[in-house]
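Single-structure report; data block below.
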Amino acid sequence: MVGLSRLPLIATIAAVSAQLQRPLGSPSEDVPDTYQTGNKPLIDTELLQSHISVESLFERAEALYGLAKSSEEQFGHPTRVIGSEGHRRTLEYVASEIDRLGDYYKSWTQPFPAVMGQIFQSRLVLGQSVPESASPMSLTPPTAGKEPVYGDLVLVNNQGCDASDYPEDLSGKVAFVKRGTCSFGAKSELAGKAGAIAAVIFNSNADGLSGTLGVPSPYHVATFGLSGEDAGPVIEKLKAGDVVDSTAFIDSVVNTINTTNLIAQTVGGDPENCVMLGAHSDSVGEGPGINDDGSGSLTLLEVATHLTKFSVKNCVRFAWWAGEEEGLLGSDYYVDTLPEDENQKIRLFMDYDMMGSPNFAYQVYNATNAVNPTGSEQLRDMYVDWYESKGLNYTFIPFDGRSDYDAFIRNGIPGGGIATGAEGIKTKEEELMFGGKAGDWYDPCYHQLCDDVSNVNATAWLINTQLVAHSVATFAASFDDFPKRETAKAAELYEQETLYHGRYLVR
Ligand SMILES: *[C@@H]1O[C@H](CO)[C@@H](O)[C@H](O)[C@H]1NC(C)=O
Ligand SMILES: *[C@@H]1O[C@H](CO)[C@@H](O)[C@H](O)[C@H]1NC(C)=O
Ligand SMILES: *[C@@H]1O[C@H](CO)[C@@H](O)[C@H](O)[C@H]1NC(C)=O
Ligand SMILES: *[C@@H]1O[C@H](CO)[C@@H](O)[C@H](O)[C@H]1NC(C)=O
Ligand SMILES: [Zn+2]
């Protein structure tokens with residue numbers, strides 16, 4: 001058992017990681033036989049579920065809120081954003097709780113560099129007007145010298161996904177690009193390569209457009225999103241051959257900090273066939289993130305704790321991702337760096353993000369085999385069957401890249417999960433199905449300071465933790481009824497259809 005409780009400071013995690021890291025999925029040779037074959041009873045879903053208690057979950061939530069408060073000095077309020085004391089202590093807490101379970105688990109950290117952006121000020125002027133919808137993209141670089149830059153606006157051809165779409169004389173000009181097909185980051189990069197001093201990406205419908213440039217590129221230029229409504233009159237002028245001069249100003253920084261994923265895997269169970277589940281350990285900077293995703297992180301801890309009473313046939317691997325809120329950084333890093341043979345050992349991945357929204361719906365990701373790796377649909381149907389067996393209602397929600405399952409799907413690993421809703425609005429029909437209040441957000445405190453212990457609905461959290469326990473128990477006992485893994489083919493349809501990468505639009 002690796003002593004994760006030794007986790008000292010974020011900055012030194014990378015240094016100790018060499019000692020802590022073990023190859024994925026290969027238990028050490030000195031594993032006690034009891035954990036391999038078990039004089040413990042074989043995992044049983046009803047028994048595992050019976051150990052879940054709402055008191056224990058809320059005790060953990062109170063503890064987590066206390067950890068978030070340790071960021072107050074630095075941030076002026078509780079938060080568990082990566083790089084904060086609150087996040088460091090969250091990692092320490094999860095690691096020490098796993099440590100307390102003795103040698104049932106082996107666990108390790110996986111440090112990685114995380115890109116974080118901050119935008120301090122921005123302004124866009126197009127001709128005579130200051131469009132209200134102009135919104136700097138997340139992870140945008142600043143304008144040159146963090147000063148306003150001036151240049152004529154140039155309409156880029158087609159959707160600006162090909163270098164040939166960009167006029168040759170773009171030096172000192174501002175590129176005006178339509179949304180669609182390729183990512184905002186690709187457009188910003190092509191504009192920068194063509195010499196533009198800034199870029200404005202306008203929506204293909206009337207709505208505003210805020211998104212992220214994603215992984216930084218040295219060619220990215222300061223980039224705004226703009227609503228189709230604000231763009232309309234400007235496009236007309238440009239098409240009529242009128243000159244539209246513009247001023248762009250963004251003061252921002254893009255930093256790289258060190259943070260880490262935490263992984264714990266049962267020592268027992270077949271290491272060639274693992275059931276994997278994850279939640280994210282970090283919150284946004286605005287608040288303590290007790291529902292998002294303290295609830296999922298603590299659900300995993302609670303299930304991991306009670307699982308130790310049983311023996312398992314298949315290995316179970318728990319992950320606490322970091323940097324989810326910055327764009328799924330931890331889960332991306334994890335899956336993207338998995339060698340092919342390790343990828344194949346993961347039979348499926350289950351995502352548990354936001355388990356107890358106050359105005360909840362029981363949401364199941366609509367992950368189908370038509371679009372996702374084979375097995376995703378069987379997983380979806382397992383959640384459905386469970387809710388139905390309890391006489392509970394559920395809804396299907398899009399499986400569109402907004403949480404940590406994304407990298408798994410893109411790398412051929414079946415996935416799915418459940419959630420209870422973020423900034424979406426509860427419908428009248430859903431009020432009848434789940435209670436709560438139609439017209440309000442599922443989580444009225446989503447990404448805000450008020451995402452505290454009172455922001456988790458006890459009923460929803462308990463029910464969903466029981467379902468998470470069921471999901472673990474089911475696959476820890478057997479994969480007999482679950483499709484074999486396919487090779488890690490790229491999920492082409494999924495890639496074409498997903499617009500999100502985490503909470504941000506990427507295209
Ligand atoms: C992150 O870790 C790397 C490798 O240990 C180190 O070189 C770098 O200075 C660290 N960066 C920060 C911001 O601490
Ligand atoms: C679920 O996804 C499939 C396609 O993969 C689609 O045909 C179906 O309409 C979706 N169901 C819901 C309720 O969104
Ligand atoms: C399920 O939804 C229906 C309305 O569609 C409602 O009548 C019923 O009470 C709901 N069941 C539960 C357990 O809330
Ligand atoms: C949790 O949600 C249920 C259903 O909407 C509601 O009856 C209950 O009062 C909620 N609990 C809390 C503590 O808000
Ligand atoms: Zn989340």
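Order of listing sets the numbers, starting from 1, for every ligand and every atom in it. Keep in mind that the numbers below use all heavy atoms, side chains included, and drop hydrogens, waters and symmetry copies.
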Check the pair D353 / R402 against salt bridge (Lys or Arg N to Asp or Glu O under 4.0 Å), numbers first and verdict last. CA-CA 10 Å; D353 191 359; R402 284 193 62 176; over 6 Å; no
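The nearest protein heavy atom to atom 5 (O) of ligand 4 is closer than 4.0 Å. Under the 4.0 angstrom criterion, atom 13 (C) of ligand 4 counts as lacking any protein heavy-atom contact. Protein heavy atoms all stay at least 4.0 Å away from atom 9 (O) of ligand 4.
The Zn ion (ligand 5) lies at the vertex of an angle of 90° between the NE2 atom of H280 and the OD1 atom of D353 (rounded to 10°).
The local environment of CD in E388 is crowded, with over 12 non-hydrogen atoms from other residues, nucleotides or ligands closer than 6.0 Å. Summarising the local packing, CD of E229 is surrounded by 12 or fewer heavy atoms from other residues, nucleotides or ligands at distances under 6.0 Å.
Those atoms of ligand 4 with a heavy atom of G436 less than 4.0 angstrom away are 5 (O). Close contacts between ligand 4 and N457 involve ligand atoms 1 (C), 2 (O), 3 (C), 8 (C), 10 (C), 11 (N), 12 (C), 14 (O) [criterion: under 4.0 Å to a heavy atom]. Taking every heavy atom of F434 and a limit of under 4.0 angstrom, the matching atoms of ligand 4 come to 4 (C), 5 (O). When each atom of ligand 2 is checked for a heavy atom of F396 under 4.0 Å away, the hits are 13 (C).
Closest heavy-atom approach to atom 3 (C) of ligand 2 among the candidates T395, V371, N366: N366.
Every N/O-N/O distance between R380 and ligand 2 stays at or above 3.5 Å.
Metal site remark for the Zn ion (ligand 5): E324 contributes no N, O or S atom at a distance under 2.8 Å.
With rounding to the nearest 0.5 angstrom, the CD atom of E324 is 4.5 Å from the OG atom of S403.
Between M350 and V275 the shortest side-chain heavy-atom distance falls below 4.5 Å.
Ring-centre distance between Y442 and F360: not below the 6.0 Å cut-off. Taking the six-membered ring for Trp, Y333 and W321 have ring centres at least 6.0 Å apart.
Qualifying side chain to side chain contact (heavy atoms under 4.5 Å, CB included) partners for R507, counting only residues two or more places apart in sequence or in other chains: T498, L499.
For D292, the N, O or S atom closest to the Zn ion (ligand 5) goes by the atom name OD1.
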